[in-house]
Amino acid sequence: MALRTILSYPDPRLHTVAKPVQAVDARIRTLIADMLETMYEASGIGLAATQIDVHERLVVIDVSEERNEPLVLINPEIVWASDEKVMNEEGCLSVPGIYDGVERSTAVRVQALDADGNPQAIEAEGLLAICIQHELDHLLGKVFVEYLSTLKRNRIKTKLLKAQRDVQREGGRSA
């Protein structure tokens, strides 16, 4: 297992549409292990392969309190979403320190392959449903801030770019 670097918004690679996983093999199982380790280390509840610059349809999620119930979704597709919506404050490992309200369906049904390549159907509601929708957006090249107003999105982009420049400047001094 290895920690992977999480891309930060507004990195253009976050807008890449992921391609289907062709085979659930040793490479994919290693990627799953790396993604879970990366997600847990970053204190996240979900991570899409797109966020670590791997553009394949793979997501890992763990919304459990104990952080011991990982869910792996390979080639996931939402086959049903409730008409009922909820506004929830979301954050993202690719948009560090930023939280804002996004409206999503309260429940979803997803079909995907599990870590062994077996088909699975998952019915989710609440936090898990929201997390699934958020992570599947990443596979479509969409970051949650794109649901916000242009003004808010531009402010976030400016703030994150400044923070990245500050980190690079500090890194240059200490090297």
Side-chain angles (χ1 to χ4, degrees), residues 1-63 70-81 90-100 102 104-105 108-122 124 127-148 150 153-154 156-157 159-161 163-165 167-168:
M1 294 193 314
L3 287 176
R4 301 287 189 107
T5 300
I6 298 172
L7 300 177
S8 290
Y9 183 81
D11 191 309
R13 294 172 290 181
L14 288 168
H15 300 296
T16 305
V17 176
K19 294 180 174 21
V21 170
Q22 295 302 311
V24 180
D25 53 17
R27 179 184 68 82
I28 292 297
R29 283 188 281 282
T30 298
L31 180 59
I32 290 166
D34 290 354
M35 287 176 63
L36 285 167
E37 183 179 2
T38 301
M39 177 187 71
Y40 289 132
E41 179 68 24
S43 299
I45 60 171
L47 185 68
T50 301
Q51 293 177 270
I52 58 166
D53 202 21
V54 175
H55 304 288
E56 295 182 80
R57 294 187 59 78
L58 172 60
V59 166
V60 296
I61 294 172
D62 190 343
V63 296
L71 175 63
V72 174
L73 301 174
I74 299 170
N75 297 334
E77 299 292 337
I78 294 176
V79 295
W80 173 83
E90 292 187 21
C92 180
L93 294 176
S94 291
V95 191
I98 305 295
Y99 300 89
D100 212 316
V102 176
R104 302 219 186 247
S105 294
V108 294
R109 188 174 307 122
V110 180
Q111 291 180 339
L113 300 178
D114 66 14
D116 296 316
N118 299 315
Q120 61 180 336
I122 295 166
L127 180 59
L128 180 57
I130 289 164
C131 189
I132 287 170
Q133 292 168 82
H134 175 109
E135 298 307 329
L136 269 58
D137 273 355
H138 279 298
L139 300 180
L140 298 172
K142 189 167 187 176
V143 181
F144 91 96
V145 296
E146 293 171 47
Y147 287 100
L148 308 178
T150 303
R153 194 168 48 250
N154 286 337
I156 290 167
K157 191 181 295 186
K159 180 179 180 178
L160 293 176
L161 287 171
Q164 289 169 16
R165 281 192 304 273
V167 166
Q168 289 170 346

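Heavy atoms only: backbone and side chains are in, while hydrogens, waters and symmetry mates are out.
- Closest approach of Val54 and Leu31 over heavy atoms only: CG1-CD2, 3.8 Å.
- Annotation: side chain of Ile156 is not in contact with side chain of Pro10 (no heavy-atom distance under 4.5 Å).
- In this structure, Ser94 and Leu14 approach most closely via the heavy-atom pair OG-CD2, 3.7 Å.
- Under the 3.5 Å distance criterion, the side-chain polar atoms of Glu37 are left unmatched by any main-chain donor or acceptor of Asp34.
- Closest heavy-atom contact between Ala48 and Leu139: CB-CD2, 4.0 Å.
- One finds the CG atom of Leu7 at 10.5 Å from the NE2 atom of His15 (value rounded to the nearest 0.5 Å).
- Atoms CG and CD1, on Leu71 and Ile122 in that order, are 4.0 Å from each other to the nearest 0.5 Å.
- For the pair Ile6 and Ala42, the tightest heavy-atom approach, listed with the atom from each and the gap, is CD1-CB, 4.0 Å.
- In terms of heavy atoms, Val59 sits closest to Ile61 at CG1-CG1, 3.7 Å.
- More than 12 heavy atoms of other residues, nucleotides or ligands sit less than 6.0 Å from atom CD of Glu146.
- Of all heavy-atom pairs between Gln164 and Ser8, the closest is NE2-CB, 3.4 Å.
- Here the side chains of Val60 and Asp62 are not in contact, with every heavy-atom distance at 4.5 Å or above.
- The backbone N or O of Arg13 sits less than 3.5 Å from a side-chain atom of Asp11, completing a donor-acceptor pair.
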Could you walk me through whether Val102 and Ile130 pass the side chain to side chain contact (heavy atoms under 4.5 Å, CB included) test, one step at a time?
CA-CA 9 Å; Val102 176; Ile130 289 164; over 6 Å; no

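- Judged by distance alone, the side chain of Gln133 and the main-chain N or O of Ser105 form a donor-acceptor pair under 3.5 Å.
- Taking the side chain as every heavy atom from C-beta outward, Val17 and His55 never approach each other to under 4.5 Å.
- We find the CD-CG distance between Glu77 and Leu136 to be 7.5 Å, quoted to the nearest 0.5 Å.
- A distance of 7.5 Å separates CE of Met35 from CD of Gln51, quoted to the nearest 0.5 Å.
- Contact check for His138 versus Cys92: side-chain heavy atoms found under the 4.5 Å cut-off.
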Stepwise, does the side chain to side chain contact (heavy atoms under 4.5 Å, CB included) test hold for Glu56 with Ile28?
CA-CA 10 Å; Glu56 295 182 80; Ile28 292 297; 4.0 Å; yes

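- Here the side chain of Asn75 pairs no donor or acceptor atom with the backbone of Pro20 at under 3.5 angstrom.
- Looking at Arg57 and Leu140, their side chains come closer than 4.5 Å, going by heavy atoms from C-beta outward.
- Residues Asp114 and Val72 have side chains not in contact (no heavy-atom distance under 4.5 Å, counting atoms from C-beta outward).
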Decide yes or no on side chain to side chain contact (heavy atoms under 4.5 Å, CB included) for Ile98 and Tyr9, but give the supporting numbers first.
CA-CA 11 Å; Ile98 305 295; Tyr9 183 81; over 6 Å; no

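- At least one side-chain heavy atom of Ile74 sits under 4.5 Å from a side-chain heavy atom of Ile32.
- Rounding to the nearest 0.5 Å gives a distance of 7.5 Å between CG of Asp137 and CD1 of Ile78.
- The distance from the CG atom of Leu113 to the CG atom of Leu58 is 10.5 Å, given to the nearest 0.5 Å.
- Under the side-chain contact (heavy atoms from CB on, under 4.5 Å) criterion, Thr150 pairs with Arg153, Asn154, not counting sequence neighbours.
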